[in-house]
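What you see is a predicted model, and the numbers here were worked out from it, not measured in a lab. Heavy atoms only: backbone and side chains are in, while hydrogens, waters and symmetry mates are out.
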Amino acid sequence: MKILFTIFFCVSFIYLQASTVDISKLQNEFEKKVLEVNAFKKRYGSYLFKNCEDDFNCYEKYINLLKSWDSVQNDNSLKMFLETNKKTNSFDKKCWETLQNKLIEKKQKNNIKLSHTQFVNVIDLEKQLFILTLWDNSRQKFHYIGKDHISSGNMEREAEIRFGENHYLKTPNGIFKSQIGWRSDGKYKDDNRTLGYGYKDRFVFYFGKLKSVRYNTFDKNGSKIIDKESWKLITDELEFALHAHKSSAKLGKPYSHGCVRMSDELNRFLDNNHALHKSMFKDGMWRTNYTKIPKNPQNHNLSGEYLFIFDKIQ
């Protein structure tokens, strides 16, 4: 019998104003710990795993070692991965101003109270991007931190399922607050290569049961409707979460059942920086009876809880 117990992690912190937050440092850490690690894992994943297994701090140590090698410095494939990730992370002034205006408009319209400087999370479904921002409570504005590719729900894949299998729903748009989540058990699916919630102990950010839509591809007898013109769009409910995922499917295009998949590196960054962990604290204490604290926690005072999902930003 598995015995569950409550883990309390005492955190003494004071909510900060943005004037005390080093925005450039956060941006650099995002680029290094999310995008750079991602590129090096693509090129030297076997070497890094052999030496570090799942130790993220060890990865950074060995990446710094790799950077000193002449062969790595002249590796065109690595340069391509790094350049691609850098391009993904770029944000021109016009795009950023558009997003800021949309966030402020949505915040005011929905009476969202951001009482302290904190992380605010954004998803652009059209471009399949997760965008991390920081709300500056003293200046009443947002700061850009970084972005990375995700994969959202793909309703068209409803054509693949058989009667009784899980449906493919549209990832809903709107403003959502994180609830108490959990960590992945790291179990592989039947194909022995897919980790639905990512590696063991990756955090699953949960947002509750949300209304969404999907295609009804079965008739009243449970037979598959082959003609797509005969499919009907119906409402349904989705247990919505933001989580890591490992499979042969690449991020950057819709592919999931409706939840949002993200890279292992982004998952760790959001987890360790408490970007959506505000609900995991009570009276300055980490509380849950089944979830371990992050391995490398920091920025407790910037803990956020909001996820803004847009069908399209521009």
**Q** Mind checking what makes side-chain hydrogen bond (donor to acceptor under 3.5 Å, both in side chains) contact with T98, not counting sequence neighbours?
**A** none
**Q** For K107, what residues pass the salt bridge (Lys or Arg N to Asp or Glu O under 4.0 Å) criterion, not counting sequence neighbours?
**A** none
**Q** Cluster question for you: counting only ILVMFWY and a side-chain heavy-atom cut-off of under 4.5 Å, with indirect links fine, are V260 and L195 together?
**A**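 The answer is no; the residues belong to distinct hydrophobic clusters.
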**Q** Can you confirm whether more than 12 heavy atoms, excluding those of K224, are under 6.0 Å from its NZ atom?
**A**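 Enclosed: over 12 neighbouring heavy atoms sit under 6.0 Å from NZ of K224.
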**Q** Can you tell me if Y47 has over 12 outside heavy atoms packed within less than 6.0 Å of its OH?
**A**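 Counting other residues, nucleotides and ligands, OH of Y47 exceeds 12 neighbours.
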**Q** When you compare the side chain of I145 with that of T133, does any pair of heavy atoms fall below 4.5 Å?
**A**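 No - every pair of side-chain heavy atoms lies 4.5 Å or more apart.
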**Q** I'd like to know if D264 pairs up with R268 as an ion pair, taking the criterion as any Lys NZ or Arg NE/NH1/NH2 lying under 4.0 Å from an Asp or Glu carboxylate oxygen.
**A**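 A salt bridge is present here (some side-chain N lies under 4.0 Å from a carboxylate O).
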**Q** Hey, are the side chains of K177 and S279 touching, using non-hydrogen atoms and a 4.5 Å cut-off?
**A**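 No; the side chains remain at least 4.5 Å from each other.
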**Q** Would you indicate whether the side-chain heavy atoms of F218 and I225 approach each other to under 4.5 Å?
**A** no
**Q** Are E160 and R157 within salt-bridge range, i.e. N to O under 4.0 Å?
**A**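 A salt bridge is present here (some side-chain N lies under 4.0 Å from a carboxylate O).
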**Q** With heavy-atom distances below 4.5 Å as the criterion, would you say the side chains of D148 and L35 are in contact?
**A**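 Yes, at least one pair of side-chain atoms sits under 4.5 Å.
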**Q** Is the distance from the ring center of Y306 to that of F176 below 6.0 Å?
**A**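 When the ring centroids of Y306 and F176 are compared, they turn out to be at least 6.0 Å apart.
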**Q** For atom NZ of K61, decide whether the heavy atoms of other residues, nucleotides or ligands shown that lie under 6.0 angstrom number more than 12.
**A** no
**Q** Take a 6.0 Å sphere around CG of N221 and say whether it holds more than 12 heavy atoms from other residues, nucleotides or ligands.
**A**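 Buried by this count: over 12 neighbours within 6.0 Å.
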**Q** Please check if any side-chain donor atom of Q108 sits under 3.5 Å from a side-chain acceptor atom of N111, or the reverse.
**A** no
**Q** Do NZ/NE/NH1/NH2 and the carboxylate oxygens of D271 and R202 come within less than 4.0 Å?
**A**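 Salt bridge between D271 and R202, a charged N being under 4.0 Å from a carboxylate O: no.
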**Q** Is the shortest distance from a Lys or Arg side-chain nitrogen in D185 or K200 to a carboxylate oxygen in the other one below 4.0 Å?
**A** no
**Q** I want to check a possible cation-pi pair here: K147 against F91, using under 6.0 Å from ring centre and within 45° of the ring axis as the test.
**A** yes
**Q** Taking the side chain as every heavy atom from C-beta outward, state whether D124 and F310 have any pair of such atoms under 4.5 Å apart.
**A** no
**Q** Please tabulate, one pair per line, all N/O donor-acceptor pairs under 3.5 Å involving side-chain atoms of residues 205-213, not counting sequence neighbours.
**A**
{"from": "Y206", "atom 1": "OH", "to": "E239", "atom 2": "OE1", "distance (Å)": "2.3"}
{"from": "S212", "atom 1": "OG", "to": "K170", "atom 2": "O", "distance (Å)": "2.4"}

**Q** State whether E31 and K86 are salt-bridged, where the test is any N-O pair (Lys NZ or Arg NE/NH1/NH2 against Asp/Glu carboxylate O) under 4.0 Å.
**A** no
**Q** Say whether, by atom type as modelled, one donor and one acceptor occur between the side chain of S184 and the main chain of G198 under 3.5 angstrom.
**A** yes
**Q** When you check the gap from the basic side-chain N to the acidic O, do D201 and R183 get nearer than 4.0 Å?
**A** no
**Q** Does F281 have its ring centroid less than 6.0 Å away from the ring centroid of H274?
**A** yes
**Q** Distance-only, no hydrogens or angles: does the N89 side chain make a donor-acceptor pair with backbone N or O of N85 under 3.5 Å?
**A**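 Side chain of N89 to backbone of N85: no pair is present.
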**Q** Does E53 have more than 12 heavy atoms from other residues, nucleotides or ligands lying within 6.0 Å of its CD?
**A**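 Not buried by this count: 12 neighbours or fewer within 6.0 Å.
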**Q** Establish, yes or no, whether a centroid distance under 6.0 Å links the rings of W135 and H143.
**A**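 No, too far apart.
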**Q** Do NZ/NE/NH1/NH2 and the carboxylate oxygens of E29 and K32 come within less than 4.0 Å?
**A**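 No, E29 and K32 are not salt-bridged.
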